[in-house]
Amino acid sequence: MANKEMEVVKGVDIKRYMGRWYEIASFPSRNQPKNGVDTRATYTLNEDGTVHVLNETWSDGKRGSIEGTAYKVDPNSDEAKLKVKFYVPPFLPIIPVTGDYWVLYIDEDYQVALVGQPSRNYLWILSRKSQIDDEIFNELVERAKSEGYDVSKLHKTPHSDSPPEGEEGPKDTKGICI
């Protein structure tokens, strides 16, 4: 089953894909805090056709973020197979961390998306809203399962009723109570 080539969306309208997406569920990753909440990604189209990626999460009231660039693996293909290159925060050696970003499903209104990797070690369910209906969630989980993912590893991301506003979200007070 795992050897089956994953179905990847063809002909994604990259402009429509831009903007903010909330992480509804994902496979836990060592690159993300275990207690992260309100996790989201904001995509902005660059003039050269690449995509600026801003991933944000909050843990213990503090904002963590990482930025990177996404680009199509094969510019001549209409498949939504992207590579994302992240720039590690300055206190680590400056080596880009590159990962695969394959859009496995997107609805016609560009409101929910299923994103994975050929290794099947990473999976994300994304939505334009911070909450989605159980029915839609379960459909996406079934879709991931049919692509060979171990969906028992999916972890739902908690979102507050009012997600942090503005690009920065809550200010990092370095633990000082204001």
Side-chain angles (χ1 to χ4, degrees), residues 1-29 31-32 39-57 65-88 95-157 159 163 167:
M1 178 76 192
N3 299 335
K4 177 171 106 52
E5 176 73 15
M6 272 187 273
E7 292 272 327
V8 177
V9 178
K10 291 183 167 57
V12 166
D13 181 341
I14 203 81
K15 288 195 177 78
R16 287 186 71 195
Y17 197 79
M18 295 300 98
R20 176 162 293 161
W21 291 89
Y22 293 93
E23 179 187 276
I24 300 300
S26 67
F27 281 3
S29 150
N31 305 325
Q32 279 184 301
T39 306
R40 65 194 187 192
T42 307
Y43 304 127
T44 315
L45 198 56
N46 295 321
E47 282 183 20
D48 63 0
T50 62
V51 174
H52 176 262
V53 177
L54 169 63
N55 286 350
E56 299 171 285
T57 191
S65 66
I66 190 166
E67 294 185 59
T69 304
Y71 52 92
K72 277 184 88 168
V73 177
D74 176 0
N76 300 318
S77 165
D78 66 348
E79 288 190 318
K81 291 182 179 178
L82 303 173
K83 284 258 186 226
V84 182
K85 193 178 273 189
F86 285 110
Y87 298 95
V88 179
I95 46 166
V97 179
T98 307
D100 292 292
Y101 184 110
W102 288 13
V103 182
L104 305 177
Y105 171 77
I106 189 161
D107 70 314
E108 57 186 27
D109 295 327
Y110 284 64
Q111 294 301 301
V112 292
L114 184 66
V115 175
Q117 293 191 318
S119 65
R120 293 179 173 80
N121 291 332
Y122 294 91
L123 183 70
W124 295 271
I125 291 177
L126 304 176
S127 169
R128 295 295 192 179
K129 299 190 177 80
S130 58
Q131 315 286 339
I132 63 172
D133 294 341
D134 286 345
E135 190 182 339
I136 294 169
F137 178 78
N138 293 335
E139 273 176 31
L140 292 168
V141 170
E142 281 306 311
R143 198 175 276 271
K145 201 170 165 183
S146 73
E147 292 292 351
Y149 282 89
D150 174 4
V151 294
S152 69
K153 293 194 293 194
L154 264 181
H155 170 79
K156 278 196 168 181
T157 307
H159 285 276
E167 286 306 309

Extract all donor-acceptor atom pairs below 3.5 Å that involve side chains of residues 108-118 and protein atoms in other chains or at least two apart in sequence.
from: Tyr110; atom 1: OH; to: Asp13; atom 2: N; distance (Å): 2.8
from: Gln111; atom 1: NE2; to: Asp109; atom 2: O; distance (Å): 3.2
from: Gln117; atom 1: NE2; to: Asp100; atom 2: O; distance (Å): 2.8

Within the 4.5 Å heavy-atom criterion, are Leu154 and Phe27 side-chain neighbours or not? yes
How would you list, by chain and number, every residue that makes a side-chain hydrogen bond (donor to acceptor under 3.5 Å, both in side chains) with [X], sequence neighbours excluded?
X      : value
Asn46  : Thr50
Ser152 : Asp150
Lys72  : none
Thr69  : none

Aromatic contact between His159 and Tyr22, with the criterion being ring centroids under 6.0 Å apart: yes or no? yes
Distance check, rounded to the nearest 0.5 Å: Gln131 atom CD versus Asp134 atom CG? 10.0 Å
Specify the closest pair of heavy atoms between [X] and [Y], including all atoms of both residues, with the distance to one decimal.
X      : Y      : answer
Ile24  : Ser130 : CD1-O, 3.5 Å
Arg120 : Tyr149 : CA-CE2, 3.4 Å
Ser77  : Glu79  : OG-N, 2.9 Å
Leu54  : Ser65  : CD1-CB, 4.0 Å

Kindly determine whether Glu5 and Lys81 satisfy salt bridge (charged side-chain N to carboxylate O under 4.0 Å, His left out), including the steps that lead there. CA-CA 13 Å; Glu5 176 73 15; Lys81 291 182 179 178; 3.4 Å; yes
Taking only residues two or more places apart in sequence or in another chain, which ones pass ring pair (Phe, Tyr, Trp, His ring centres under 6.0 Å) with Phe137? none
